[in-house]
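Below: the structure, in structure tokens.
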Amino acid sequence: MPKYNLNINGKPRSIEASADTPLLWILRDHLDMVGTKFGCGIAQCGACTVHVDGNAARSCSLPVASAEGKEITTIEGLSEDGSHPVQKAWKEVDVPQCGYCQSGQIMTASAFLKQNKNPSDAEIKNAMNGNICRCAAYNRIQKAVEIAAGNMG
Amino acid sequence: MSTTAASITFSRRNFLRTSSLASGGLLIGFNLFTACKSDVKPPIDLADLNYNDFNAFIKIAKNGAVTIFSPNPEIGQGVKTAMPMIIAEELGVAWDKVLVEQGVLDTENYTRQVAGGSQSIRFGWDALRQTGATARQMLVNAAAAKWGVDASELSVSEGVITNAAGETLGYGDVVDEAAKLEVPEEVTLKEPKDYKIIGTDQVNVDIDKIITGKPLFGLDYKVDGMVYAAVLRPPAFGQELESYDATEAKAMPGVIDVIKIGKKAKVLLGKEEVNWTAQLVPSEKVVVIAKTTWEAFKAKKVIKAQWKNASTLESTDYQDKKLNGLLDGNEFTTLREDGDVDKAFANADTVLERTYESPFLPHSCMEPMNFFANVTDKKIQLVGPIQTPEDAANTVAELLGRDVKDIHLEMTRQGGGFGRRLYGDFVYEVAEISDTIRKPVKMVSSREDDMTTGVYRPAIKYRIKAAIKNGKLTGYQLKEAAINGNMYGLIPNFFPAGAVENYRVDVANYESNITTGAWRAPYTNFLAYAEQAFFDEIAETMEVDKVQLRLDLLEKVKGTTDERIQYDPERMQAVLKLAVDKSGWGKAPEGTYQGVVAYYCHNSHVAEVADVQIENGMPVVKKVTCVVDCGIVINPLGAKNQIVGGVIDGVGHAMYGQFGFKDGVPTSTNYDTYRLIRMKEAPLVDAYMIQNELSPTGLGEPTLPPAGGAVANALKAATGKRIYKQPFMEDPDFWRVENKEILG
């Protein structure tokens with residue numbers, strides 16, 4: 001089994017796995033970092049979103065072999081204590097219902113707001129469109145992203 | 001109508017029990033369902049009751065810390081926050097000092113722990129308040145004894161008891177004494193005007209864990225030595241496993257074994273009485289056991305399995321014909337009949353008849369089905385997301401031929417339920433797997449497994465007929481053609497039952513081999529659209545105002561002596577009037593087209609107005625105004641989330657939910673071929689709740705059903721076209737408006 005050296009949340013991690021193993025399952029099953037969720041496995045729902053070199057990426061469709069040498073951030077590494085402005089906004093608005101998709105939503109929103117500090121309503125909708133919330137907390141997601149944008153700017 | 005009587009003497013004292021904790025402090029156990037149902041007998045001799053007999057607990061430690069164990073499964077409906085809030089209110093503690101924990105299941109003694117039917121708050125309301133108030137009274141009595149004063153001289157605020165002299169004792173200072181006191185016969189419940197917690201906005205109790213990605217869900221659960229299982233089920237409904245070759249799969253990295261299960265499940269399904277939650281296909285299944293989820297998924301794909309056809313392989317066309325045959329036939333059961341419907345139609349000036357149809361739907365919980373089991377000779381540990389833990393435990397005991405006392409079941413937080421997790425098929429599978437391999441194991445479904453081996457909402461058709469004579473609605477007939485079961489219980493007594501003199505509900509059904517079951521707001525999730533779209537056409541035919549037609553019909557039901565009628569006409573009128581007011585009904589700006597509905601289901605009254613605009617030649621749902629009367633609102637912040645989510649879910653499935661079968665095989669497999677509503681299509685939902693002091697009802701379901709009707713009526717207003725089939729956007733070209741001027 002090949003060995004891979006990953007950089008996850010600023011820490012070096014060494015993993016033995018098949019080259020095609022998605023980063024999602026490396027995180028969840030090999031490293032016990034279960035904040036990144038499994039939703040669809042085909043990059044359609046966004047539940048597994050992490051940051052790869054600062055950009056939002058679907059970890060279910062990113063083979064571990066391609067994750068080497070990249071800076072990977074997961075929900076566990078977004079902040080030590082939930083103090084990232086996006087996490088704080090999520091709490092302020094009380095976004096979650098079941099909560100399952102929310103780490104992916106938060107990771108998508110935080111990568112987006114790094115690149116667009118003053119987004120319009122339409123830009124927020126566009127950025128968040130790849131993340132399904134089956135409980136349909138979309139109105140609150142919109143509001144939380146707006147609040148986070150205000151606090152990050 | 002229930003009230004909020006301030007003082008309640010409860011004769012069913014058996015639902016409460018208190019004792020001292022070994023570690024110091026007070027424990028109160030209460031049984032919600034014994035407390036609520038007067039006809040429920042205590043399960044065993046009262047003298048033998050122990051704390052496992054109760055659904056939930058309050059624990060007060062000597063340092064004053066309060067823990068409330070929430071009894072019911074949390075699937076995103078917010079009961080883990082709202083139910084403990086009710087206890088905390090009457091207990092008289094500060095909410096931010098309360099720790100909430102999920103209660104576990106004890107199959108030996110618990111009576112009922114279910115998430116379903118929007119019933120948790122409704123059933124829990126009296127018992128939760130009485131429990132909190134009883135604990136408070138006992139603490140106050142203990143303080144009174146300590147000070148040698150009358151309890152009536154004492155006041156309570158945020159866990160501190162104060163006497164007339166201004167001296168104070170914390171709850172923790174008197175818990176030991178309180179635990180030794182008799183349970184009071186009578187306690188005084190707070191007046192709603194004195195509520196400090198109920199009616200305040202409180203964030204989800206698990207919010208910090210959710211936003212930081214802590215393990216919470218079934219899929220996150222892990223123990224040392226745990227292996228993963230992926231189950232290969234028949235690709236088509238109606239097929240059974242004939243043989244398989246797992247040589248290649250067994251040689252794959254990480255694969256521990258490939259086994260076959262299902263013999264025990266087949267025996268279970270063959271029994272005379274099968275638990276209603278046991279929705280399983282009667283086939284053996286091939287299971288890959290691997291070190292990781294991915295390795296199990298991968299190996300499953302290379303198993304070469306042969307399947308044989310055991311019963312009809314249904315296609316959507318076949319189901320369609322069967323349902324049409326039922327509607328056109330005479331095999332109906334009448335669920336309610338008032339007056340003489342046939343005569344009303346014979347004498348009518350105008351008869352309006354429409355047929356509405358909807359497809360199968362998968363639940364699409366974001367957390368795919370999964371469950372953990374560890375079966376040993378001594379005990380069976382089951383952990384994961386399930387809405388019906390008691391049924392699951394009982395059925396696993398039956399399946400494995402074990403004593404239910406051996407089973408320990410823990411509920412995790414659940415990544416959506418929507419009715420799917422009422423059915424324990426995945427629990428039985430993992431139990432049989434662990435029983436076979438004798439290892440701690442977690443069964444994980446892929447999204448494809450989840451979508452193609454579901455327990456679906458079945459397709460359904462309604463044919464509705466109205467008789468109009470002298471400008472009045474004189475007859476109403478609803479025919480239902482369904483699969484694997486018809487509308488049940490009280491639904492035939494929903495609006496417009498009681499409002500039309502000659503009224504009949506007829507149902508017919510055929511049995512399919514496709515596993516089906518409840519889906520968020522069963523039956524009404526489609527019926528509401530059909531009826532509310534039909535009412536629009538009645539109003540158009542009668543040339544009366546759409547709101548006025550509904551208000552007039554409701555007026556006729558006021559003061560009814562028919563106890564079968566479920567809805568309250570005045571509450572329904574009130575939500576409709578407020579929705580009209582808040583949505584600007586009839587005063588919409590140019591380019592905005594509105595559709596209105598008023599509905600009652602799951603014990604709550606709801607009115608919705610949808611606003612549609614034309615963008616790039618296509619109608620777009622921009623906004624839905626939703627007014628709900630669910631009685632007292634426990635947690636407005638959580639309640640609004642349910643209301644808004646329910647509306648958007650209703651809009652989404654009405655617009656896009658398309659699911660079918662070809663020769664028994666589902667035609668959608670994942671979110672690339674099954675469309676769920678997303679951010680860009682989600683309308684803004686403007687939510688309002690009627691303020692009153694009536695006993696609360698649930699919110700997990702009631703705002704979903706009317707949404708489809710509001711959208712259909714708004715689409716008609718915007719485009720001039722009516723649609724009789726969901727999903728509305730099956731053929732987007734149907735809606736394309738080339739030239740808006742043609743609408744006049």
Side-chain angles (χ1 to χ4, degrees), chain A residues 1 17-18 20-22 24-26 28-30 32-42 44-45 47 74-76 78-79 81-82 86-88 90-92 94-103 106 122 124-142, chain B residues 74-78 201 203-204 206-217 219-220 222 228 253-254 291-295 297-298 364-368 413-418 444 446-448 637-638 641-642 644-649 652 670-672 676-680 682 684-685:
Chain A
M1 202 87 83
S18 310
D20 63 351
T21 310
L24 167 69
W25 297 111
I26 298 291
R28 293 188 57 85
D29 289 356
H30 295 252
D32 291 343
M33 297 167 74
V34 295
T36 306
K37 299 303 187 206
F38 169 50
C40 69
I42 57 165
Q44 291 288 314
C45 77
T74 70
I75 186 76
E76 290 92 346
L78 189 63
S79 70
D81 50 1
V86 172
Q87 289 168 311
K88 282 165 79 175
W90 244 248
K91 182 171 179 174
E92 182 183 334
D94 191 35
V95 173
Q97 287 183 39
C98 85
Y100 190 80
C101 74
Q102 298 300 344
S103 49
I106 289 168
I124 293 172
K125 283 196 166 72
N126 209 37
M128 301 306 296
N129 204 55
N131 287 68
I132 294 172
C133 174
R134 176 66 182 83
C135 304
Y138 295 119
N139 286 184
R140 288 196 181 184
I141 290 168
Q142 175 93 23
Chain B
E74 172 62 59
I75 57 174
Q77 82 281 45
D201 286 338
V203 297
N204 188 322
D206 284 333
I207 187 78
D208 290 327
K209 289 178 181 167
I210 291 170
I211 61 172
T212 55
K214 297 285 184 300
L216 264 178
F217 299 91
L219 211 69
D220 304 341
K222 194 173 186 178
Y228 296 84
K291 288 181 187 161
T292 65
T293 316
W294 172 249
E295 287 163 328
F297 282 180
K298 226 174 119 178
S364 301
C365 303
M366 285 309 289
E367 179 187 12
R413 192 176 177 86
Q414 319 197 12
F418 309 105
V444 182
S446 66
R447 177 56 55 193
E448 290 80 5
L637 189 65
N641 219 354
Q642 293 303 309
V644 174
V647 170
I648 298 175
D649 189 7
N670 202 324
Y671 296 137
D672 54 345
L676 283 170
I677 194 165
R678 290 172 182 266
M679 193 81 174
K680 278 196 221 171
L684 178 72
V685 181

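Below, all heavy atoms of this structure are taken into account, side chains as well, without hydrogens, waters or symmetry copies. In what follows, chains carry the letters A, B, and so on, assigned in the order in which the sequence lines appear, proteins first and then strands, with residues in each chain numbered from 1.
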Checked B/P368, B/G254, B/G416 vs chain A; the most non-hydrogen pairs under 4.5 Å come from B/P368
Chain A contact via B/K298 - which portion, at a heavy-atom distance below 4.5 Å: side chain
Looking at A/K125, A/Q97, A/R134, which makes the most heavy-atom pairs under 4.5 Å with chain B? A/R134
Under 4.5 Å between any side-chain heavy atoms of B/I210 and A/W90, yes or no? no
Does any heavy atom of chain A fall under 4.5 Å from the side chain of B/L219, the backbone, both, or neither of them? both
In terms of ring plane angle, is the pair B/F297 and A/F38 parallel, tilted or perpendicular, where the classes change at 30° and 60°? tilted
Taking C-beta and beyond as the side chain, do A/I132 and B/Y671 meet within less than 4.5 Å on heavy atoms? yes
Which of the residues A/S103, A/P22, A/A17 is involved in the greatest number of heavy-atom pairs with chain B at under 4.5 angstrom? A/P22
Just how far is it from atom OG of A/S18 to atom CH2 of A/W25, taken to the nearest 0.5 Å? 14.5 Å
Where does A/N131 contact chain B at under 4.5 Å (heavy atoms): side chain, backbone, both or neither? backbone
Quick check: does any side chain N or O of B/N641 sit under 3.5 Å from a backbone N or O of A/P96, one acting as donor and the other as acceptor? yes
Answer key: most heavy-atom pairs under 4.5 Å with chain B among A/H30, A/K37, A/Q102, A/E92 is A/K37
Region of B/P253 in contact with chain A, defined by heavy-atom distances below 4.5 Å: side chain
Heavy-atom cut-off 4.5 Å, strictly under: side chain, backbone, both or neither for B/D208 against chain A? side chain
Looking at B/L684, B/T212, B/D220, B/L676, which has the largest count of heavy-atom pairs under 4.5 Å with chain A? B/D220
Here's a test for you: under side-chain contact (heavy atoms from CB on, under 4.5 Å), which of A/D32, A/I26, A/L24 qualifies with A/R28? A/L24
Tell me, for B/K680 versus chain A, whether the close heavy atoms (under 4.5 Å) come from the side chain, the backbone, both or neither. both
Measure B/F217 against the heavy atoms of chain A and call it side chain, backbone, both or neither at under 4.5 Å. side chain
With distance as the sole test, does B/N204 use its side chain to make a donor-acceptor pair with the main-chain N or O of B/G638 at under 3.5 Å? no
Is chain A contacted by the side chain of B/Q414, its backbone, both, or neither, given a heavy-atom distance below 4.5 Å? backbone
Measuring from atom CD1 of A/I106 to atom CG of A/L78, what distance do you get when rounded to the nearest 0.5 angstrom? 7.5 Å
Non-hydrogen atoms of chain B under 4.5 Å away: do they reach the side chain of A/T21, the backbone, both or neither? both
Flag yes if more than 12 heavy atoms outside A/K88 fall under 6.0 Å of its NZ atom; otherwise flag no. no
Among B/R413, B/E448, B/M679, B/E367, which has the most heavy-atom pairs under 4.5 Å with chain A? B/M679
Distance-only, no hydrogens or angles: does the B/E74 side chain make a donor-acceptor pair with backbone N or O of B/Q77 under 3.5 Å? yes
With a 3.5 Å cut-off and no angle check, do the side chains of A/Q44 and B/D672 form a donor-acceptor pair? no
Under 4.5 Å to a heavy atom of chain B? For A/D20 that would be both
Top contributor to chain B contacts, counting heavy-atom pairs under 4.5 Å, from A/R140, A/K91, A/Q142, A/M33: A/R140
Can you tell me which portion of A/V86 sits under 4.5 Å from chain B's heavy atoms? Options are side chain, backbone, both or neither. neither
